[in-house]
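Computed over heavy atoms, backbone and side chain alike; hydrogens, waters and symmetry mates excluded.
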Amino acid sequence: RSTRAPRRICCGGALTQMWGATTRVLALWGALGLADGFTGIPLRRLGRLSVPTLNMAMDEFMIERLDGYQRTYDELTERLADPEVINNPDLLMDITRERSSAEEVVVTYQEWSKCNVEHGEAKEMFAESGDDPEMREIARAEIRTLEGQMGELEEKLTVLLLPKDPNDGRNVMLEIRAGTGGDEAAIWAGDLLSTYEKFASEQGWKLKRLDESRADMGGYKSIVLEVVGDSVYSKLKWEAGVHRVQRVPATESQGRVHTSTATVAVMPEVDEVTVQIDPKDISLTTARSGGAGGQNVNKVETAVDLVHKPTGIRIFCTQERSQLKNKELAMQMLRNRLYEMQLEEQRAAVSAERQSQVGSGSRSEKIRTYNWKDNRVSDHRLNRNFPLGKFLDGQIGDMIEACIATDQQMKMEAMASEKLAS
């Protein structure tokens, strides 16, 4: 048994067992299977992801962050009763949203604190049981149960404390564009559209086609969709990049396998406050839309052709039946594209410091290969294969969850490094 002496610190009125000089390296306990020096009970293994950083003890580093969440939560709760806040709907909504984002962390921390108090009491009972084997066994069983519960809560808290993407709750504009491969690339873009439409339906999201350019042989040269729903960006952002397909095209007469690509861009919707555009940087002209929509679109200049001079981005919008609505839609699409460019620059800066296993989400990055012959989808970010049939049916949840899990794992490793260096 270890002879290390524990020290005590006070947290929320509860005494918490903390280890001395070796605290910073004890994140490896669970992975190494070391035993508790006080009771001889093996330390818990959290297991599901075989990463030592998941087994981080609740030390000062974690406690300080959680106490900060608790203080913020309490302050926001008090502000909700402030008449000045109550009489300001926008401020009330902002404070309510901020409080809600901290609530799960606070509630989980309170549960852990309660278990921790009971855990300390069970250890005291074990120490005071003397030679009574029955009392020692009762205390030992209680300690095992509480350590299991605390382990689950610590794992949950570790995930909850990971850095959040501020765009995860936003709706998106989803752009699918045919890449290399001619007619087959356009058909492949149409197949991707079908998959995302099925997935969106399963998620309860709403889709609206904003712009499309159909190909002569089927499929799309490009199509832009608005996707509205719960946490759309948090899931679809993992689909951004180059999707490569290897199959015998319908247009191939000699049975040869072709390789074609389509690109997917996922742009979070932003407002005028988030991205400000100088009117001097905009060149806007109007034209007749033509096509379906009655005499109005054929005789009145309802279409909008917008060019952003600094970047050269051009948006030709004919979706709506009025010029004003088309202008508003074109400006919204421009804001989203400019914001996506800002995000790309940020990702490039991060990528320069460390290579991300999940990938940057850049539209220039090949993320998957779809092999028809082997009925297989290979995700190059995860080095994993998935069934092709499930993807085509819109069942892409497993792929997305795998990307999220890998991203969380990397963030945990970064947080562990920060903790060890502190």
Original post:
What heavy-atom pair brings Asn171 and Gly229 nearest, and what distance separates the two atoms?
Top reply: OD1-N, 3.0 Å
**OP:** Could you tell me whether Asp191 and Arg247 have a side-chain N and a carboxylate O separated by less than 4.0 Å?
**Re:** yes
Original post:
Do we see a donor-acceptor contact under 3.5 Å between the side chains of Tyr196 and Glu239?
Top reply: yes
Original post:
In Å, rounded to the nearest 0.5 Å, how long is the span from CG of Asp211 to SG of Cys317?
Top reply: 7.0 Å
Subject >> N-O pairing of Glu197 and Arg209 below 4.0 Å >> reply: yes
Original post:
Below 4.0 angstrom, N of the basic side chain to O of the carboxylate: do Glu84 and Arg79 qualify?
Top reply: no
Subject >> Under 3.5 Å donor-acceptor, Asn326 side chain and Thr302 backbone >> reply: yes
**OP:** Indicate whether any N or O donor in one side chain lies under 3.5 Å from an N or O acceptor in the other, for Ser231 and Asp168.
**Re:** no
Original post:
What's the verdict on salt bridge (charged side-chain N to carboxylate O under 4.0 Å, His left out) for Asp165 and Lys237, showing C-alpha distance, side-chain angles and the deciding distance?
Top reply: CA-CA 11 Å; Asp165 187 333; Lys237 66 182 180 181; 3.1 Å; yes
**OP:** Mind listing the closest non-hydrogen atom pair of Ala330 and Ile315 along with its distance?
**Re:** O-CD1, 3.6 Å
Original post:
Can a donor-acceptor pair be found between the side chains of Arg170 and Tyr233 at a distance below 3.5 Å?
Top reply: no
Original post:
Any luck finding a side-chain donor-acceptor pair between Arg244 and Thr369 under 3.5 Å?
Top reply: yes
Original post:
Does the side chain of Arg99 come under 3.5 Å of the side chain of Ser101 through a donor N or O and an acceptor N or O?
Top reply: no
**OP:** With rounding to the nearest 0.5 Å, note down the distance linking CG in Leu306 to OG1 in Thr285.
**Re:** 8.5 Å
Original post:
What is the distance from atom CD1 of Ile223 to atom CG of Leu193, rounded to the nearest 0.5 Å?
Top reply: 4.5 Å
Original post:
Are the side chains of Glu212 and Lys221 in touch, meaning some heavy atoms are under 4.5 Å apart?
Top reply: no
**OP:** Report the C-alpha distance between Leu92 and Leu80 in whole Å, list the side-chain angles of each, state the deciding distance to 0.1 Å, and finish with yes or no for side chain to side chain contact (heavy atoms under 4.5 Å, CB included).
**Re:** CA-CA 7 Å; Leu92 178 62; Leu80 287 176; 3.7 Å; yes
Original post:
Between Arg65 (side chain) and Leu161 (backbone), is there a donor-acceptor pair under 3.5 Å?
Top reply: yes
Original post:
Under 3.5 Å, is there a donor-acceptor pair linking the side chains of Lys235 and Gln203?
Top reply: yes
Subject >> Closest non-hydrogen atom pair between Glu202 and Gly394, with its separation >> reply: OE1-O, 4.3 Å
Subject >> Check: Thr195 side chain, Phe391 main-chain N or O, donor-acceptor pair, under 3.5 Å >> reply: yes
Original post:
Between OH of Tyr370 and CG of Leu392, what distance do you get to the nearest 0.5 Å?
Top reply: 9.0 Å
Original post:
Below 4.0 angstrom, N of the basic side chain to O of the carboxylate: do Arg384 and Asp379 qualify?
Top reply: no
Original post:
Can any side-chain N or O of Asp374 pair as donor or acceptor with the backbone N or O of Arg376 at less than 3.5 Å?
Top reply: no
Subject >> Lys/Arg-Asp/Glu bridge criterion (N-O < 4.0 Å) met for Lys114, Glu118 >> reply: yes
Original post:
Any ion pair linking Asp407 and Lys411 (charged N to carboxylate O, less than 4.0 Å)?
Top reply: yes
**OP:** For the residue pair Glu269 and Asn336, confirm or rule out a side-chain donor-acceptor distance under 3.5 Å.
**Re:** no
Original post:
Does Thr96 offer a backbone N or O that forms a donor-acceptor pair with the side chain of Ser100 under 3.5 Å?
Top reply: no
Subject >> Test item: side-chain donor near acceptor, Glu154 and Trp112, under 3.5 Å >> reply: yes
Subject >> Nearest heavy atoms of Lys327 and Val304, plus distance in Å >> reply: N-CG2, 3.7 Å
Subject >> Note, Met333 side chain near Val224 side chain (heavy atom, < 4.5 Å) >> reply: yes
Original post:
Do other residues, nucleotides or ligands put more than 12 heavy atoms under 6.0 Å from the CZ atom of Arg314?
Top reply: no
Original post:
What closest approach, in Å, do Ser260 and Gly181 show between heavy atoms, and which atom pair accounts for it?
Top reply: OG-CA, 3.7 Å
Original post:
Which residue, Val107, Val106, Thr108, forms the side chain to side chain contact (heavy atoms under 4.5 Å, CB included) with Glu104?
Top reply: Thr108
Original post:
Regarding Asp74 and Gln70, is there a side-chain donor-to-acceptor distance under 3.5 Å anywhere?
Top reply: yes
Original post:
Going by atom types only, do Thr261 and Thr180 share a side-chain donor-acceptor pair under 3.5 Å?
Top reply: yes
Original post:
Under the 3.5 angstrom rule, does the side chain of Trp188 hit a backbone N or O of His243 as a donor-acceptor pair?
Top reply: yes
Original post:
Are the side chain of Arg368 and the backbone N or O of Val242 linked by a donor-acceptor pair below 3.5 Å?
Top reply: no
